[in-house]
Amino acid sequence: MELLNDGGLQRLNCLDTAEAEEEFLKCCGSRKWARQVTTARPFASVDHLITKADRVWWSLEPRDWLEAFHSHPKIGETKAAAVTAVAAQKWSEDEQSGTRNSTPKTIAALAKLNRDYEEKFGFIFIVCASGKNSEEMLAMLGERLENNPDEELRIAAAEQEKITHLRLKKLLAV
């Protein structure tokens, strides 16, 4: 377990409520999640923060998950449907860097499957894209289109959890 010697964690613990919520919203676009994680402060370690963030995430309603999903751009795109912080936009671009050198054919296939996915499930395809290239994401998108809506919502929520972990660590510069 990491001890409280991290300046980023200490800073986060000391922020006022509104500032802390805005910081947490950079990591996960659910306002309810950000509020609840903010009220769980102070955190003794990064592990403690992540454990609490996970508990809060899985206690939320599907509408809160959907709000978080709304803060992400579609795979292969750069703009989210919801207004997001500059840091969150930059993190999304970095996380999706595997799509930067994609062929036009792959980009077109991603766009088509993104539309099919959103039409079927009612929300955008959420995947922790860090370290994945566009072909891998395209294959995952095709596979996940086969899921039923309830199953897919849980899978997307688990992917959001992974994204949140990465972003919490970026927020704290761990």
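Given the structure is predicted, the values throughout are model-derived calculations rather than measurements.
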Do [X] and [Y] make a side-chain contact, defined as non-hydrogen atoms from C-beta onward lying under 4.5 Å apart?
X    : Y    : result
E136 : N133 : yes
L141 : N114 : yes
I126 : F121 : no
V46  : L168 : no

How many angstroms lie between atom [atom1] of [X] and atom [atom2] of [Y], to the nearest 0.5 angstrom?
X   : Y    : atom1 : atom2 : value
R31 : S71  : CZ    : OG    : 10.0 Å
L9  : C14  : CG    : SG    : 9.5 Å
L49 : H165 : CG    : NE2   : 9.0 Å
Q36 : E21  : CD    : CD    : 10.5 Å

Taking atom types as modelled, is there a side-chain donor on E67 or W33 under 3.5 Å from an acceptor on the other?
no
I'd like to know if I155 and L166 are part of one continuous hydrophobic network [Ile/Leu/Val/Met/Phe/Trp/Tyr, side-chain heavy atoms within less than 4.5 Å].
no
Only counting residues at least two apart or in another chain, list the ones meeting side chain to side chain contact (heavy atoms under 4.5 Å, CB included) with [X].
X    : value
R41  : N13, L15, T17, A20, F24, T38, F43
R115 : A111, K112
K120 : L145
A68  : C28, S30, W57, Q160

Between [X] and [Y], is there a donor-acceptor pair closer than 3.5 Å when you use the side chain of the first and the backbone of the second?
X    : Y    : value
D54  : T51  : no
E159 : C128 : yes
E22  : E19  : no

What I want to find out is whether K32 reaches E61 closely enough, with some N-O distance under 4.0 Å, to be called a salt bridge.
no
Please collect all ring pair (Phe, Tyr, Trp, His ring centres under 6.0 Å) contacts where either partner lies in residues 126-156, sequence neighbours excluded, each pair once.
none
Taking all atoms of both residues into account, what is the closest heavy-atom pair of [X] and [Y], and its distance?
X    : Y    : result
V56  : S59  : O-OG, 2.7 Å
C27  : L171 : SG-CD2, 3.8 Å
L138 : L110 : CD1-N, 3.8 Å

Take L60 and W65 through the test side chain to side chain contact (heavy atoms under 4.5 Å, CB included) and record every step on the way to the result.
CA-CA 7 Å; L60 298 177; W65 296 347; 3.9 Å; yes
So which pairs with a foot in residues 148-158 pass salt bridge (Lys or Arg N to Asp or Glu O under 4.0 Å), sequence neighbours left out?
R144-E152
Any idea how Y117 and F125 line up, ring-wise: parallel (<30°), tilted (30 to 60°), or perpendicular (>60°)?
perpendicular
For K52, is the NZ atom crowded, meaning more than 12 foreign heavy atoms sit under 6.0 Å from it?
no
